[in-house]
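Numbered from 1 within each chain, the chains take letters A, B, ... in sequence-line order.
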2 protein chains.
Amino acid sequence: MRIGELARLAGVSTRAVRYYEQQGLISSRRSANGYREYDEADLRLVTEIRSLVTVGFTLRDARPFVECLRAGHETGGSCPESVAVYRRKLGEIDEQIRALLDRRAEVAAQLAEACPGCTLTREDPR
Amino acid sequence: MRIGELARLAGVSTRAVRYYEQQGLISSRRSANGYREYDEADLRLVTEIRSLVTVGFTLRDARPFVECLRAGHETGGSCPESVAVYRRKLGEIDEQIRALLDRRAEVAAQLAEACPGCTLTREDPR
DNA sequence: CTTGACCTTGACGTTGACGTCAACATCTAC
DNA sequence: GTAGATGTTGACGTCAACGTCAAGGTCAAG
C-alpha cells in the first residue's frame with residue numbers, strides 16, 4: 001500500500017508518516033516511480049506509535065516499542081526496554097498529577113483569599 | 001532601582017523583565033543615561049507575575065491581576081476579572097488532572113498486559 | 001488530452017516564554 | 001585609565017510534532 005492508505009488505516013496524516021520515517025522510527029521501500037510502499041508490518045508500527053502518542057508518549061519514548069515489534073515480538077511492549085519506558089512514564093504521570101494537585105490547592109487557596117465563598121462552586125477532583 | 005536589582009528581588013531574569021515590558025505587563029521610566037528605573041510598585045507587579053506563572057498561569061492569564069494591582073487594589077486577585085481567571089484555571093487544572101488519571105490507568109493497563117506483576121511496584125497516586 | 005487524485009522533496013510556520021549572543025554604552029572602583 | 005559589572009537594542013535559537021504551503025512528477029479515468 002502507499003502512504004495515503006497507510007495513513008488512513010493508521011489514523012494519522014501522511015505528513016506524520018513521513019516525519020516518523022525522518023525520525024528513523026519506520027523505513028520505506030520505494031516502487032519504480034519513487035512512491036513509498038508499505039505492508040502490514042509497517043501499519044502495525046505506525047498504529048503502535050499512534051496509540052502511544054495518544055496516551056502522552058513522545059516519539060523518543062515510542063522507539064523501544066517500535067524496535068521491539070521490528071525484532072519480531074508480538075507486541076511492542078513485551079521487551080524489557082519497553083517495560084522500562086512504561087514504568088518511567090507511570091512515574092512521570094504520577095509526578096505531574098501530584099504537581100497539578102498542588103497547583104490546584106494553591107490556586108484554590110488564592111481564590112478563597114481573594115473572594116471568600118467562591119471556592120464552594122467547584123468540587124475536589126479526587 | 002534598576003533592572004538587575006528588580007530581577008534579583010523578584011527572582012526572575014532581566015530578560016524576563018524586558019519581556020514583560022514588551023508584552024505590556026509592566027512599564028518603565030528611564031533615567032538620564034537610558035537605564036530603566038523601577039520602584040516598589042513595579043517589584044510588586046513582577047512578583048505577582050512570577051507567582052502566577054509559577055503555578056501554571058500564562059502571561060495572558062496574569063494580565064488582569066497586573067491591571068488590578070495597577071488600579072490600586074491591595075492584591076491582584078481582588079478584581080472580578082482576576083476571579084474569573086482563577087475559576088477558569090481551576091476548571092482547566094481539573095480537566096488536566098482527569099486526563100492524566102485516564103492516561104495513567106491506560107498506561108498501567110498496558111504495562112499489566114505486557115508484564116503481569118509489574119504494576120504492583122507503583123502505588124495509586126490518589 | 002485533460003482533469004483530478006495521489007505522490008515527491010524542501011522549507012517555513014506554529015506555540016510560549018524566555019535564553020543567548022552580538023555589539024555597544026555607562027558607571028564604579030582601584 | 002582600565003577592568004569589570006551593568007545597562008541598551010536587536011535578533012536568532014530553543015522545544016515537539018507535525019501543519020501548510022510551493023512547485024512539481026505520476027497515473028487512472030473519461
Trainee: For A/D42, is there any backbone N or O sitting under 3.5 Å from a side-chain donor or acceptor partner on A/D39?
Mentor: yes
Trainee: Rounded to the nearest Å, what distance is computed from the CD atom of residue A/E37 to the C1' atom of nucleotide D/dT26?
Mentor: 14 Å
Trainee: On DNA chain C, which is the earliest and which the latest nucleotide, 5' to 3', with an atom closer than 4.0 Å to a heavy atom of chain B?
Mentor: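 Range of nucleotides within reach of chain B: C/dA17 to C/dC27.
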Trainee: Which comes earlier along DNA chain C counting from the 5' end, the contact point of B/Y35 or that of B/T58, where each point is its nearest nucleotide?
Mentor: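 Here B/T58 is the residue nearer the 5' end.
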Trainee: State which residue, out of A/D61, A/L25, A/T54, fulfils the side chain to side chain contact (heavy atoms under 4.5 Å, CB included) condition with A/I49.
Mentor: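 With A/I49 as partner, side chain to side chain contact (heavy atoms under 4.5 Å, CB included) holds for just one option, A/L25.
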Trainee: Taking 4.0 Å as the cut-off, does a side-chain nitrogen or oxygen of A/R36 come that near to OP1 or OP2 on D/dT26?
Mentor: no
Trainee: Using the side-chain heavy atoms of B/R2, tell me which of these nucleotides is nearest: D/dT8, D/dG7, D/dA17.
Mentor: D/dG7
Trainee: Would you mind reading off the distance between A/R63 atom CZ and D/dA16 atom P, rounded to a whole angstrom?
Mentor: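 It works out to 12 Å between those atoms.
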Trainee: Check each residue of residues 6-30 of chain B for a non-hydrogen atom within less than 4.0 Å of any atom in DNA chain C, then write out the ones that pass by number, or none.
Mentor: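 DNA chain C contact set from residues 6-30 of chain B: B/S13, B/R15, B/A16, B/Y19, B/Y20.
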Trainee: Does atom CZ (A/R88) have a neighbourhood of more than 12 heavy atoms from anything else shown, all under 6.0 Å?
Mentor: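 Count over threshold, so yes.
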Trainee: Take the protein atom CZ of A/R60 and the nucleotide atom C1' of D/dA17, then report the distance between them rounded to whole Å.
Mentor: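 Those two atoms, CZ and C1', are 14 Å apart.
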Trainee: Around atom CD of B/E5, are there more than 12 heavy atoms from other residues, nucleotides or ligands closer than 6.0 Å?
Mentor: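 More than 12 within 6.0 Å, yes.
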Trainee: Which residue, B/F57 or B/N33, contacts DNA chain C at a nucleotide closer to its 5' end, judged by nearest heavy atom?
Mentor: B/F57
Trainee: If you count the non-hydrogen atoms of other residues, nucleotides and ligands that lie under 6.0 Å from CZ in A/R30, is the total more than 12?
Mentor: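 Check passes, neighbour count above 12.
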Trainee: Check this for me: does any side-chain nitrogen of one of B/E81 and B/R63 sit under 4.0 Å from a carboxylate oxygen of the other?
Mentor: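 No salt bridge links B/E81 with B/R63.
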Trainee: Could you check whether atom CD of A/Q23 has more than 12 heavy atoms from other residues, nucleotides or ligands sitting under 6.0 Å from it?
Mentor: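 Counting neighbours around CD of A/Q23, more than 12 heavy atoms of other residues, nucleotides or ligands fall under 6.0 Å, so yes.
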Trainee: For A/R44 and A/E48: C-alpha separation, side-chain torsions, deciding distance, then whether salt bridge (charged side-chain N to carboxylate O under 4.0 Å, His left out) applies.
Mentor: CA-CA 6 Å; A/R44 277 197 295 276; A/E48 179 86 5; over 6 Å; no
